[in-house]
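Here it is, the structure, as structure tokens.
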Protein chains: 2
Amino acid sequence: MSEEPTVIADGEAVGTGTLGKAMAVLEAVVMADGPQRFTDILARSGQPRGTLHRLLSHLVEEGLLVQRRDLCYEPGLRLLTLAYRSWSGNRFRDVAEPHLRSLHELTGETVHLGILRETEIVYVDKVESRQTVRMSSQIGKASPAYCTGIGKAALSLLPQLELERLVAGMAFHAFTPHTHRSAESLLAEIADIRRDGHAFDREEHEIEIRCVAAPIRVSGSDLTAGISVTGPAYRVSMEQLIAWSGAVRTAAAAIGEEAAIRLGPGRGGP
Amino acid sequence: MSEEPTVIADGEAVGTGTLGKAMAVLEAVVMADGPQRFTDILARSGQPRGTLHRLLSHLVEEGLLVQRRDLCYEPGLRLLTLAYRSWSGNRFRDVAEPHLRSLHELTGETVHLGILRETEIVYVDKVESRQTVRMSSQIGKASPAYCTGIGKAALSLLPQLELERLVAGMAFHAFTPHTHRSAESLLAEIADIRRDGHAFDREEHEIEIRCVAAPIRVSGSDLTAGISVTGPAYRVSMEQLIAWSGAVRTAAAAIGEEAAIRLGPGRGGP
DNA sequence: AATCAAGTTCCACATATCGGAACAAAGAAA
DNA sequence: TTTCTTTGTTCCGATATGTGGAACTTGATT
């Protein structure tokens, strides 16, 4: 619900040769709101007509897109299948899962696992109580790092130089009145997070939603991640979050250590 | 658990030009069991060294693969994100969802929604009771059509010629003692399914698992799909499945009609 | 009929890909 | 240590592929 208007002006130089262009077009279609006509994509992608047409044909042949009878393009099923395999084969998630569960047992609230990718957090797993909501609703979702608990926690692990590089590239969109609006305030909070070992989301991404998060570092790997406990403001006070912060830090540390062992030595067991 | 040994000998002529090769390599890595070394992929993909190396670099640059410190390649997060968008933006699933829920209310067992892609069924949604199991465990999973209820139901909607073309390309792997072993027996059952309007899975894919399924046809679209109610044999008798078959057919028909309306006229509402 | 827009096809040209072979780096054996 | 072997990376000329402007359908609208 807190989605930007996003006109997606394709930004700067498109990616790696041919594949880069194909992926840019694919993304333009997938990230759009509904089925896309040829002309829509033409405008959005900036590619010349002939080129675009060929790219789309290839994407359809590969099953990454589907062309409907009315000529609209939609995401194809192959994406789902690829993602299914890469998710169910993800060992890091596998290691983390029991810890997410026990954190959920303890708190009764929703627990997330997220991985930092550049300037965004990608949610990789989730344990929640009431399954009235769509089940895997968030898996694969990417949110800005600067306004999420996990995001800020993960950022706090980066070397200062790297951090500053990333922050420089952020566009601070004000999702709520509490969202960080500048690099300075974000960097200041990250300094605190480094000291405390945990981060809060004080209704910064979505109003009425709070969380407490802790960063995960896996020695020997360069992935940066985090976990969080999230709840609605009416049920979860800041005091409550502070009370949980120790458990969250402990769980995060445990995941980090276990992952370092199970992910390190080659491609290990089952 | 019922996985083939699959040495994936890349089959015949690789796909559409450059993109096709890239996707073949990507798939080789994603479908493999664990992190893959360069040499593993070299053997599996059949590409020459130089070419493969460049392809892998590009896939990494695009975020479709990740190269770890130990040089192993793994699926990248971008796949998850793409799949998240294409799943949550899928209107067909959206239309079907309430029907899946009410079918679940009625039966108390797990309900699946699947779409036919060539000779496989791809699971697109799932409603289950106990969430002790991994939540979205099946979304995106592809199973052979000939040994699943939804698969056989969906096949029954195809024109005979198309059906025979597909069946000709199937390799009948015997997952259980009850799995179809030949085109003849499959085609015979499909004739029955056309007559009855529903299909059963009599422990054909996994032992101790049964289901009843009905096909979904969406007029004006060329997608072929199905829904099923699945349960463990000890709890769900064949008589029980027969008793549910009417409700399953009704739900399938309702989904088909509603989808025809909501998917037809352009790119519709919210 | 005439007009306009959307989508598809064509083809001379440029360039990204191809893939063998040489090169570097890291282990394993001697 | 030195030598041998295995694994990963880089190079570069030949050429297949992709490029993109323009011409050509198709079909809706006036």
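Keep in mind that what you see is a predicted model, and the values were worked out from it rather than measured. Chain letters run A, B, ... following the sequence lines, proteins first and then strands; every chain starts at 1.
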Next item on the list: Round to the nearest Å and state the distance from A:Asp40 atom CG to C:dA6 atom P.
Entry: 10 Å
Anything under 3.5 Å between a protein N or O and an N or O of nucleotides 12-18 of chain D, put it in a table, one pair a line.
unit_1 : atom_1 : unit_2  : atom_2 : d
D:dG18 : OP1    : B:Thr18 : N      : 3.0
D:dG18 : OP1    : B:Thr18 : OG1    : 3.0

Next item on the list: Starting from P on C:dG7, measure out to OH on A:Tyr73 and report it in whole angstrom.
Entry: 9 Å
Note to self: Using whole Å, what does the distance between atom P of nucleotide D:dG8 and atom CZ of B:Arg68 come to?
What the structure shows: 13 Å
Check: Looking at five pairs on each end of the helix from C:dA1-D:dT30 to C:dA30-D:dT1, what is the angle between the two axes, given to 10 degrees?
Finding: 30°
Notebook entry, point to check: Rounded to whole angstrom units, what separation is found between the CG atom of A:Leu52 and the P atom of C:dT9?
Noted result: 14 Å
Item checked: Nearest atoms (heavy-atom pairs only) where A:Leu42 meets A:Pro48 -> CD1-C, 4.2 Å
Next item on the list: Calculate the interatomic distance between A:Ile41 atom CD1 and C:dT8 atom C1'; express it in whole Å.
Entry: 14 Å
Item checked: Distance-only side-chain donor-acceptor flag, B:Thr81 / A:Arg117, under 3.5 Å -> yes
Check: Does the pair A:His173 and A:Tyr146 meet the rule for a side chain to side chain contact (heavy atoms under 4.5 Å, CB included), with working shown?
Finding: CA-CA 10 Å; A:His173 175 78; A:Tyr146 64 85; 3.4 Å; yes
Note to self: Quick one about A:Gln160 and A:Arg194 (side-chain donor to acceptor, distance below 3.5 Å, no hydrogens or angles considered), yes or no?
What the structure shows: yes
Next item on the list: Ignoring the backbone of A:Phe38, work out which of C:dT8, D:dG8, C:dA6 is nearest its side chain.
Entry: C:dT8
Checklist line | B:Arg49 or B:Leu55, whichever maps to the more 5' nucleotide of DNA chain C | finding: B:Leu55
Next item on the list: Rounded to the nearest angstrom, tell me the gap between atom NE2 in A:His53 and atom P in C:dC11.
Entry: 16 Å
I'd like a list of close polar pairs between nucleotides 25-27 of chain D and the protein, N/O only, cut-off under 3.5 Å.
none

Next item on the list: Using whole Å, report how far CD of A:Gln47 lies from P of C:dG7.
Entry: 17 Å
Next item on the list: Salt-bridge test for B:Glu27 and A:Arg78: reply yes if a basic N is under 4.0 Å from a carboxylate O, no otherwise.
Entry: yes
Note to self: Tell me whether A:Arg91 contacts the main-chain N or O of A:Arg262 through its side chain, where contact means a donor paired with an acceptor under 3.5 Å.
What the structure shows: yes
Margin query: Treating B:Arg217 as the side-chain partner and B:Leu157 as the backbone partner, does any N or O pair qualify as donor plus acceptor under 3.5 Å?
Written below: yes
Notebook entry, point to check: What residues form a side chain to side chain donor-acceptor pair (under 3.5 Å) with A:Arg165, not counting sequence neighbours?
Noted result: A:Glu162
Note to self: Using side-chain heavy atoms (C-beta onward) and a distance below 4.5 Å, is A:Asp125 in contact with A:His112?
What the structure shows: no
Next item on the list: Figure out the CG/P separation between A:Asp70 and C:dA6, and round it to whole Å.
Entry: 15 Å
Item checked: Sequence-distant partners of B:Gln67, side chain to side chain donor-acceptor pair (under 3.5 Å), two or more places apart -> B:Tyr73
Margin query: Tell me which pairs pass ring pair (Phe, Tyr, Trp, His ring centres under 6.0 Å) where either residue lies in residues 28-49 of chain B, with sequence neighbours left out.
Written below: B:Phe38-B:His53
Check: Base, sugar-phosphate alone, or nothing: which one does A:Leu71 contact when heavy atoms must sit under 4.0 Å apart?
Finding: sugar-phosphate
